[in-house]
Each structure stands twice: as structure tokens, then as C-alpha cells.
Amino acid sequence: MKELDVSKFKFGTSKLKKGFAKMQKGGVVMDVTNSEQAAIAEDSGAVSVMALERVPADIRAQGGVARMADPRIIQEIMDTVSIPVMAKVRIGHFVEAKALESMGVDMIDESEVLTPADPFYHIDKHKFTIPFVCGCRNLGEAVRRIWEDAAMIRTKGEAGTGNIVEAIRHQRMLTNMIRTLESMDEKPLKDLAEEYSQSYINSIKILTNQEINDNTIIFEEYNYGDVKKEIFEILNEIKKIRRLPVVNFAAGGIATPADAAIMMQLGSDGVFVGSGIFKSKNPEKMARAIVEAIAHYNSAEVIVEVSKNLGDAMIGIEIENIPKEQRLQERGW
Amino acid sequence: MVGKISIGVIGIQGAITEHINSIEKTLEETNTSGKVFVVNKKEEIDNIDALLIPGGESTVISRILFRSGLYSAIFKRLERKNLPIMGTCAGCVLLASKISNDSKDIKLLNAIEMEVTRNAFGRQEESFEKKINIEGLINPYNAIFIRAPVIEKVWGSCKILAKIENKMVMVRQENILALSFHPELTNDLRIHKYFLDMIQIYKSKDL
């Protein structure tokens, strides 16, 4: 924008961050690990691509510490496609996030798919001008991430399994809890806000071993009184509008067009497909089919049509066969 | 007085519900009899008085528009010149007759004699809010630009309604309106009112 006088422009506002997320609605965000895959994803109708070094299924198989991708790979992908590019950082790793922000990545996924960096806190996303998406298993996690200024929430599901069961579990947990808010008056809602603030309290108790009151700073520059109050306000808004106040995507285990469509019918605004595309027999065909299925998610006829002759979806893993400590969804709080 | 107005919003991808909410509020505030609904099937294009193409990713919207047959249904009504349309952001791109940068995936509707550039200001970090002056509105309008396109050139009977320095961000050609920003993300309904006026004037002439 060199030729423009930008002194009257406002950048990085909350409206711009949440607005970006809204433009993703009804779309499929696809995991890609190189520029060839990114080009295939764009041609197939991806709304954005998630630039990674390894897809979740490979991270799961190879083990070890999973970190932010090599910036060179991310840059190559950014140079290849005209659609937005997202990338992942470890939970709490604000330096990885600042690195991605300075590269001009369009959205950051603070993701449990990578190995968490901070045992106490997620990133304070107010301190960034680019939008974040964060995972959740339930309303409490969603509300804390929204309070930290996430512009988009997604289910955690269980990434890299090709098994939809956990994404459905998390979406249902969210929807049903939102429904119960409707019957709550101010007092129970305030109690819930207090309950949802507990994880910050737990962290500060370990770190300082002090008694907590409303004036105690519990996270960055925020005191307990303000956190409680603002979480209460978020809950009140959710109660009023009967949904999260930010865009809500499904992620973690989506492997077929029907998987994508069921998440939309359960109330998701869009989907992330990680290993499901490039671990399938025919990635391009699978990608197109999932895009089509999302655009017509209420049409059984379209689901039938696009599901024909797709070849094998990714193989998939039974959740019970993954030891609890190896489940990615257990990361974050 | 014109009859009940029916407005379709292309329901493929992007800020669909936001536009529906804005139109509903506008109908209510202006006491206009009308309804607004999502349009997903080509048959529905024949029965609407006006169409709104929302923002989202133009590559995605274009692809599904084409594959679902919506594209040719809209095209037919454009040929008969009897469908007022408002396109915002990605919708603005689709209304153009030419794209100056890479556009292999996008099929244009050729509805306005203009050339657009996608993501003209840059990536999300260069998305911005700015008060702009719009012809026909008395006070400045706080416009939200998200990875926005700009209109590089216009010709024929296309009229410029708003610019940021030398970059055009809102134009109108007859009953088609294109803007590169997002009126559905604000509570300011003046743009939706402008569109509604346009539809009503067009509809009353039609009768």
C-alpha cells in the first residue's frame, strides 16, 4: 500500500479479526505441506490452506515434539496461492506467533496438534493484529479462548485419526451447554463465569502460592475481578444470541464428505480437514467432494453423488486404541 | 406502492447470515414489505426481485456458482436486465468483466463494465477500517476492508460512488451495485437502504 496515505486507516481491530473469520464461513480449510498440495487445495475450492510441515496423522505416527513449521515452507505456500494461508503455533508459544505475524500469515491456529509450550497459559491474543483460531472440547474452553480474543473457535476433535466421533462429541458438548444457558438467570451465570475462570486461578496458585482476591493479577495484566466480569459478559451474549459470538468450525477427524456435512448440520460454520485429504487415495477428488458437500450440506442427493468412487479415505484409528495421554485433545485447558 | 419485495442472498460461502440480518433490519426500519432468504438452487433465481452476492472467497463462490447452475440462471436474468444485484467484496469481484491479477479459477458475471484487482491492499495484516465519503450519503461511512479488492478501471455507463485516493471502492452501473468493503459487518444500514431504494425504484418502473 505504498502509494496510499494510510495515516487514517485502522489496522488489526477486533472487528477486522472477527470479520476475517466470518469470511471463512461455509468453507473448507485444508492442511497442506508444500506448494503443490496448496495449489491442488486452491483449485479444488479450499477457502484457506493451513501450512504445515507434517499432517497430524504423520505427527501422531512419528511422535517427538511438534513445533511451528519451517518458515520457508510457509512462505512458499503463501507465494503459491491467492487464498488465505493459516499456520499453527504451539499452545502458549507467543514468540512462534509473533514470527508468523511478522511473515504476514492470515490466521494463526494455536493448536493442540503441536506440543504445548506453556504449561500455564494460552497466548494473550489481544496483543496481536492478526486473528487466531483455537480448539475447544466444551463451552468453558471456548469462552476462555474468546476472552483471550480468539476470532474463531473450532472443535478439537481428535486430529490425525480420520475418526469423526470426537469432533461430534465436542460440537454436541458446545451446543447443549449453550442451550442450558437459556434457562440461567444472573446468579447461576455468574457462578458459571467463576467456574470457567478457575483454570487461570489454578495456574496462578501454582506459580505464586498466594491467596486470590478480585484484585489479584491472574494472567498478563488482567485481575481476577475483571476476568470474571468479562467472562460473565461473554456468557450473557452467548445466552442472548444462542451461539458463540465468533465463528465456530469443526476440526479433528473429518475424513469424508458425509463427515463434513454432519458437522455442518450439527451447527458448525465450516470445517478444517487435516490428514483427511492428502492421506486419502485421491486427494484432489476428495477435496472437491468435501467442498461440494459443505456447499450443499443439507442435500442427501449431493452427498451421494460426490461420495461415489472416491477411493479409500484415510484408514483411521479407534479412539479407544489411543492411550489417554497420547490424545491430542487432552492438551490445553 | 410496489408489492412485497423478495431478496435472495447467494448461500454458498461467506458472510451470508450477516447480510440477511442487515436486510431484515433495513426492511423493518424502513417499514418495507419484503422478505430475504438464502438462495442455493438455480430455480430460485427466477423468482426473486433482487440478489445479493456476499463476501467470502471469490474462488470458492465462483466454483460452486458455476457447478450448481446458479451462474447461468443469474446470467440469463442479467441479459434481460431485470435483476438488481449488490455484490460485496468477493461479490464485487464476481460482478466485474475483467480481473487484472491471477484469476484462473474465477468465472465472472460481466455485470458491470469494470476491471478489479483481488486482494489489492495485501493480506489480512493489511485489512483496515476507514471512514470514506460515498456519493448519495451525507455523512462519512466507516467501511471495513478485509483482504479487499479494488476497482481499477470503469468504462461504459459505470458510475463511481466512492474512492480511497485514486482507488475505486464502490461503483454502480444501472441496477447493479458493487463495493469492495463489508457493510454487513457494521450496524450502519445506509448501504443496505441504498440498495433497497434501488430495488424499489427499479420495481416501480417495471410495473
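Sequence lines set the chain letters: A, B, ... in the order given, protein chains first and strands last, and positions in each chain run from 1. Computed from heavy atoms alone, side chains included, the values below leave out hydrogens, waters and symmetry copies.
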*asked:* Students often mix this up, so state it plainly: with edges at 30° and 60°, are the rings of A:F11 and A:F9 parallel, tilted or perpendicular?
replied: tilted

*Non-hydrogen atoms of chain A under 4.5 Å away: do they reach the side chain of B:K41, the backbone, both or neither?*
neither

*Please state whether the side chain, the backbone, both or neither of A:E42 comes within less than 4.5 Å of a heavy atom of chain B.*
both

_Of A:R145, A:K88, A:K125, the residue whose pairing with A:D109 passes salt bridge (charged side-chain N to carboxylate O under 4.0 Å, His left out)_ = A:K88

*Find the one option among B:R63, B:E125, B:R67 whose heavy-atom pairs under 4.5 Å with chain A are most numerous.*
B:R63

*Heavy-atom distances under 4.5 Å only: say whether A:S48 touches chain B with side chain, backbone, both or neither.*
neither

_Any side-chain heavy-atom pair of A:N298 and A:Q265 under 4.5 Å_ = yes

_Is A:I130 close to chain B through its backbone or its side chain, or both, or neither, when contacts mean heavy atoms under 4.5 Å?_
side chain

*Could you tell me whether A:K98 and A:E101 have a side-chain N and a carboxylate O separated by less than 4.0 Å?*
yes

*Which of residues 184-196 of chain B have a heavy atom under 4.5 Å from any heavy atom of chain A?*
B:E184, B:L185

*To the nearest 0.5 angstrom, please state how far the CD1 atom of A:I77 sits from the CD atom of A:Q75.*
10.5 Å

*Region of B:S68 that comes under 4.5 Å of a non-hydrogen atom in chain A*: side chain

*Under 4.5 Å from a heavy atom of chain B, the part of A:V28 involved*: neither

*Side chain, backbone, both or neither: which part of A:S82 has a non-hydrogen atom closer than 4.5 Å to chain B?*
both

*What part of A:M78 is in contact with chain B, defined as an atom under 4.5 angstrom from a non-hydrogen atom: side chain, backbone, both or neither?*
both

*Looking at B:M168, B:Q173, B:E174, which one forms a side-chain contact (heavy atoms from CB on, under 4.5 Å) with B:C158?*
B:Q173

*Of the non-hydrogen atoms in B:Q13 and B:I16, which two are nearest, and what is the gap between them?*
N-CD1, 3.6 Å

*Would you mind telling me which of B:R123, B:K130, B:E57 has the largest number of heavy-atom pairs within less than 4.5 Å of chain A?*
B:R123

*Contact origin within A:K18 toward chain B - heavy atom pairs under 4.5 Å*: neither

_A:E182 with A:R179: basic N within carboxylate O range, under 4.0 Å_ = no

*asked:* Does any backbone or side-chain atom of B:I164 lie under 4.5 Å from a heavy atom of chain A? Answer side chain, backbone, both or neither.
replied: both

